[in-house]
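Each chain gets a letter, A, B and so on, in the order its sequence line appears, and its residues count up from 1. Below, all heavy atoms of this structure are taken into account, side chains as well, without hydrogens, waters or symmetry copies.
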Amino acid sequence: MPNKIERPRGTRDFLPDEMEKRREVEKLMRLIAESYGYKEVCTPTFEHLELFTLKSGEGIIEEIYAFKDKGGRDLALRPELTAPVMRLYVNECKVMPKPLRFYYFANCFRYERPQRGRYREFWQFGVELIGSDRAEGEAEVITLAYRILEKLKIKFNLHIGHVGILRKMLKDLDEKTSSKILRLIDKGEMEELKRFMNELGLNELYSSIKDTVNIKGKVDFLESIDIDKDVLERIKKVCELCEVSGVDYIVDLSIVRGLDYYTGIVFEAYAEGLGAQKQVCGGGSYRLAHVFGGEDTPSTGFAIGFDRVMEVCKIEPKKKLRVAIVNAGSYLHAFKVAEKLREKLSNVEIVTDVMGRNLKKQLSHFSDFDFAIIVGKKEEETGIYSIKDLKRGVQEKLSIEDIVNKLSRVVK
RNA sequence: GCCCGGAUGGGGUAGUGGCUAUCCUCUGGGACUGUGGAUCCCAGGAGCCGGGUUCGAAUCCCGGUCCGGGCCCCA
């Protein structure tokens with residue numbers, strides 16, 4: 001036997017049961033996003049490498065699947081979708097009336113060590129609200145993310161922060177230093193941060209950063225510390241709107257986010273039961289359009305880690321009604337009956353035997369179906385078919401029309 | 001990128017340096033050519049890959065691949 005060809009590392013095959021569940025969850029996400037007026041967009045699976053290196057943040061750049069095509073162009077499989085969607089916006093939608101509400105569901109690629117909830121090909125569901133610079137927009141996006149996770153019956157915590165506070169505190173430092181400080185805050189390595197800032201003689205700044213980062217709770221906590229007035233007003237307003245829509249949150253100013261393009265409100269959601277891969281959603285306000293040659297445009301968005309959500313989501317798809325057309329010798333007629341029923345009934349699975357089994361074998365094979373319709377010479381002549389309820393074990397004789405009526409009633 | 005643990009038919013497993021690799025499930029067929037899930041019978045299908053030690057390796061050793069767990073990072 002020749003060697004079996006295996007799946008590449010970090011990729012997955014999905015069997016029907018799992019696909020069904022994934023489609024069900026996807027459908028729910030779409031439905032909720034659409035109920036907020038968001039419309040689906042789709043961008044290419046690969047883009048110019050530059051799109052992602054321009055502003056994505058160090059971590060992601062190292063993980064990019066990059067390659068040269070036959071024309072020598074530097075291309076990359078998309079590691080995320082915010083940059084592609086903003087590129088699409090700049091290319092095609094600049095003059096459309098604002099705001100634009102876009103959502104996407106697509107696969108992304110990152111070269112990483114695979115683990116539970118972390119794959120080299122993974123799916124993201126996300127939205128981008130383009131053109132609004134206001135708390136109303138930010139609150140809408142946060143609420144939408146919250147609703148989706150809530151409707152999927154996931155247990156999670158939502159943390160809301162604002163990168164403006166820390167950015168402002170660090171504004172007098174050079175970019176390299178401030179970026180290192182932000183990274184240490186993001187990792188929660190406060191001891192290392194203390195040592196680092198001590199070396200630079202920034203003890204005073206360190207202690208105010210420490211105070212800021214430790215703030216966790218509802219909005220009112222913020223009153224007690226000395227932060228930028230405009231930012232405080234913004235956070236208060238966003239939180240107020242979130243509370244109105246029943247969103248449960250924690251203000252957490254330590255949220256920094258790995259992607260460099262965030263400028264304002266940021267938020268993350270953590271689900272229970274996923275270990276180190278607990279972050280199921282991340283987002284915030286950013287400015288990216290001008291980087292891709294457009295006008296400076298404020299935007300807010302989030303991305304949900306679809307595969308992580310699937311790990312903890314309890315949603316079960318509704319089982320379809322399954323009907324077997326069992327033939328007693330008359331294949332031709334059985335196929336005809338099956339086709340007629342498929343035409344008349346929607347959302348019902350209708351299956352015939354294609355293995356040449358005898359009657360008994362067919363019934364045995366279809367024993368976990370809901371109904372069996374027996375089609376043989378007698379039925380072909382009279383037009384009256386035996387329909388057997390396989391779950392209850394009862395059988396009756398009906399015409400095609402009556403069968404259609406009966407099954408339609410059961411579907412409801 | 002770092003640290004650990006694994007890998008035996010499609011799925012789940014047993015076992016051991018030595019005969020034809022165990023059991024369950026599964027799949028196909030038969031008993032049974034007009035009525036299912038039971039039972040019995042027959043058939044099918046496996047030691048991740050490469051190298052080493054050995055008379056002999058699925059078993060021991062080394063390397064690789066893949067999976068899982070924990071970090072890092074992130075969704």
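Nucleotide C3(B) holds its P atom 11 Å from the CZ atom of R113(A), rounded to whole Å. Separating the CD atom of E80(A) from the P atom of C74(B) is a distance of 12 Å, rounded to the nearest angstrom. Rounded to an integer number of Å, the gap from R120(A) CZ to C67(B) C1' is 12 Å. Rounded to whole Å, the distance from CG on D307(A) to P on C74(B) is 18 Å. Atom CH2 in W123(A) sits about 18 Å away from atom C1' in C74(B), given to the nearest Å. Residue R118(A) contributes atom CZ, which lies 13 Å from atom P of G1(B) at whole-angstrom precision. Computed from coordinates, the D13(A) CG to C67(B) P distance equals 11 Å when rounded to whole Å. One can place CZ of F267(A) at 11 Å from P of A75(B), the figure rounded to the nearest angstrom.
Put simply, the side chain of R308(A) and the base of C74(B) share a donor and an acceptor less than 3.5 Å apart. For E112(A) against A75(B), a side-chain N or O and a base N or O form a donor-acceptor pair under 3.5 Å.
Note on G117(A): a base of the nucleic acid sits closer than 4.0 angstrom, heavy atoms only. Nucleic acid contact class of R116(A) (heavy atoms, under 4.0 Å, all strands): sugar-phosphate only. Using a 4.0 Å heavy-atom criterion, one finds that Q362(A) contacts no nucleic acid atom at all. Contacts of C281(A) with the nucleic acid, taken as non-hydrogen atoms under 4.0 Å apart, involve only primed sugar atoms and P, OP1 or OP2.
No cation-pi contact links R87(A) to F292(A), judged by a cut-off of 6.0 Å to the six-membered ring centre and 45° from its axis.
A salt bridge does not link E121(A) to R12(A): none of the charged side-chain nitrogens sits closer than 4.0 Å to a carboxylate oxygen. A salt bridge does not link E339(A) with K336(A): none of the charged nitrogens is closer than 4.0 Å to a carboxylate oxygen. Look at E138(A) and R134(A) and you find no salt bridge, because none of the NZ, NE, NH1 or NH2 atoms lies under 4.0 Å from a carboxylate O. One finds no salt bridge joining E396(A) and K388(A) here, because no Lys/Arg side-chain nitrogen approaches an Asp/Glu carboxylate oxygen to under 4.0 Å.
Looking at residues two or more places apart in sequence or on another chain, you find no salt bridge (Lys or Arg N to Asp or Glu O under 4.0 Å) involving R409(A).
Taking the side chain as every heavy atom from C-beta outward, L100(A) and L129(A) never approach each other to under 4.5 Å.
Only the C1' atoms considered, G50(B) is 14 Å distant from A57(B), to the nearest whole Å. Straight-line distance between the C1' atoms of G5(B) and U16(B): roughly 22 Å, to the nearest whole Å. One P atom belongs to A58(B), the other to U39(B), and the distance between them is 37 Å to the nearest Å. Here, A21(B) and C40(B) have their C1' atoms 26 Å apart, quoted to the whole Å. Between A46(B) and U27(B), the two C1' atoms lie 15 Å apart (nearest whole Å). For the P atoms, the distance from G51(B) to G56(B) is 15 Å, rounded to whole Å. Using C1' as the reference atom, U59(B) and U22(B) are 15 Å apart when rounded to the nearest Å. Rounded to a whole angstrom, the distance from the P atom of C73(B) to that of G11(B) is 36 Å.
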*Does the pair E128(A) and Y89(A) meet the rule for a side-chain contact (heavy atoms from CB on, under 4.5 Å), with working shown?*
CA-CA 10 Å; E128(A) 310 296 343; Y89(A) 161 72; over 6 Å; no
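For R110(A), no side-chain nitrogen or oxygen approaches OP1 or OP2 of C74(B) to under 4.0 Å. Between R9(A) and C66(B), a side-chain N or O to OP1/OP2 separation shorter than 4.0 Å is present. For A75(B), one of the phosphate oxygens OP1 or OP2 lies less than 4.0 angstrom from a side-chain nitrogen or oxygen of Q279(A).
Taken to the nearest 0.5 Å, the CG atom of N198(A) stands 4.5 Å off from the CG atom of N203(A).
With both pairing distances under 3.5 Å, A31(B) is matched to U39(B) as a Watson-Crick or G-U wobble pair. Taking a pair to require two hydrogen-bonding distances under 3.5 Å in either a Watson-Crick or a G-U wobble arrangement, U53(B) remains unpaired. Partner assigned to G45(B) is none, using Watson-Crick or G-U wobble distances below 3.5 angstrom. Nucleotide C23(B) is matched to G12(B) when pairs are restricted to Watson-Crick or G-U wobble geometry with both distances under 3.5 angstrom. Here C66(B) sits opposite G6(B) as a Watson-Crick or G-U wobble pair (both hydrogen-bonding atom distances under 3.5 Å). Pair assignment for A75(B): none, as no Watson-Crick or G-U wobble contacts are both less than 3.5 Å.
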Protein-nucleotides 29-38 of chain B N/O pairs under 3.5 Å:
| residue | atom | partner | partner atom | Å |
| --- | --- | --- | --- | --- |
| G34(B) | O6 | K377(A) | N | 3.2 |
| G34(B) | O6 | K378(A) | N | 3.3 |
| G34(B) | N1 | E379(A) | OE1 | 3.0 |
| G34(B) | N1 | E379(A) | OE2 | 3.4 |
| G34(B) | N2 | E379(A) | OE2 | 2.5 |
| U35(B) | O2 | K388(A) | NZ | 3.3 |
| U35(B) | O2 | Q395(A) | OE1 | 3.2 |
| U35(B) | N3 | Q395(A) | OE1 | 3.4 |
| U35(B) | N3 | Q395(A) | NE2 | 3.0 |
| U35(B) | O4 | Q395(A) | NE2 | 3.2 |
| G36(B) | N7 | K388(A) | NZ | 3.2 |
| G36(B) | O6 | L390(A) | O | 3.2 |
| G36(B) | N1 | L390(A) | O | 2.4 |
| G36(B) | N2 | S367(A) | O | 2.4 |
| G36(B) | N2 | L390(A) | O | 3.3 |
| G37(B) | N2 | S367(A) | O | 3.3 |

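For the ring pair (Phe, Tyr, Trp, His ring centres under 6.0 Å) with F125(A), the qualifying choice from Y103(A), Y38(A), Y104(A), F306(A) is Y103(A), the only one to do so.
Listed by residue number, the members of residues 145-157 of chain A with any heavy atom below 4.0 angstrom from RNA chain B form an empty set.
Heavy-atom nearest nucleotides on RNA chain B were determined for F306(A) and for G10(A), and the one closer to the 5' end corresponds to G10(A).
With its glycosidic angle more than 90° from 0, G45(B) adopts the anti conformation.
Between W123(A) and F14(A), a ring centre-to-centre spacing shorter than 6.0 Å is recorded. Between Y249(A) and H159(A), a ring centre-to-centre spacing not shorter than 6.0 Å is recorded.
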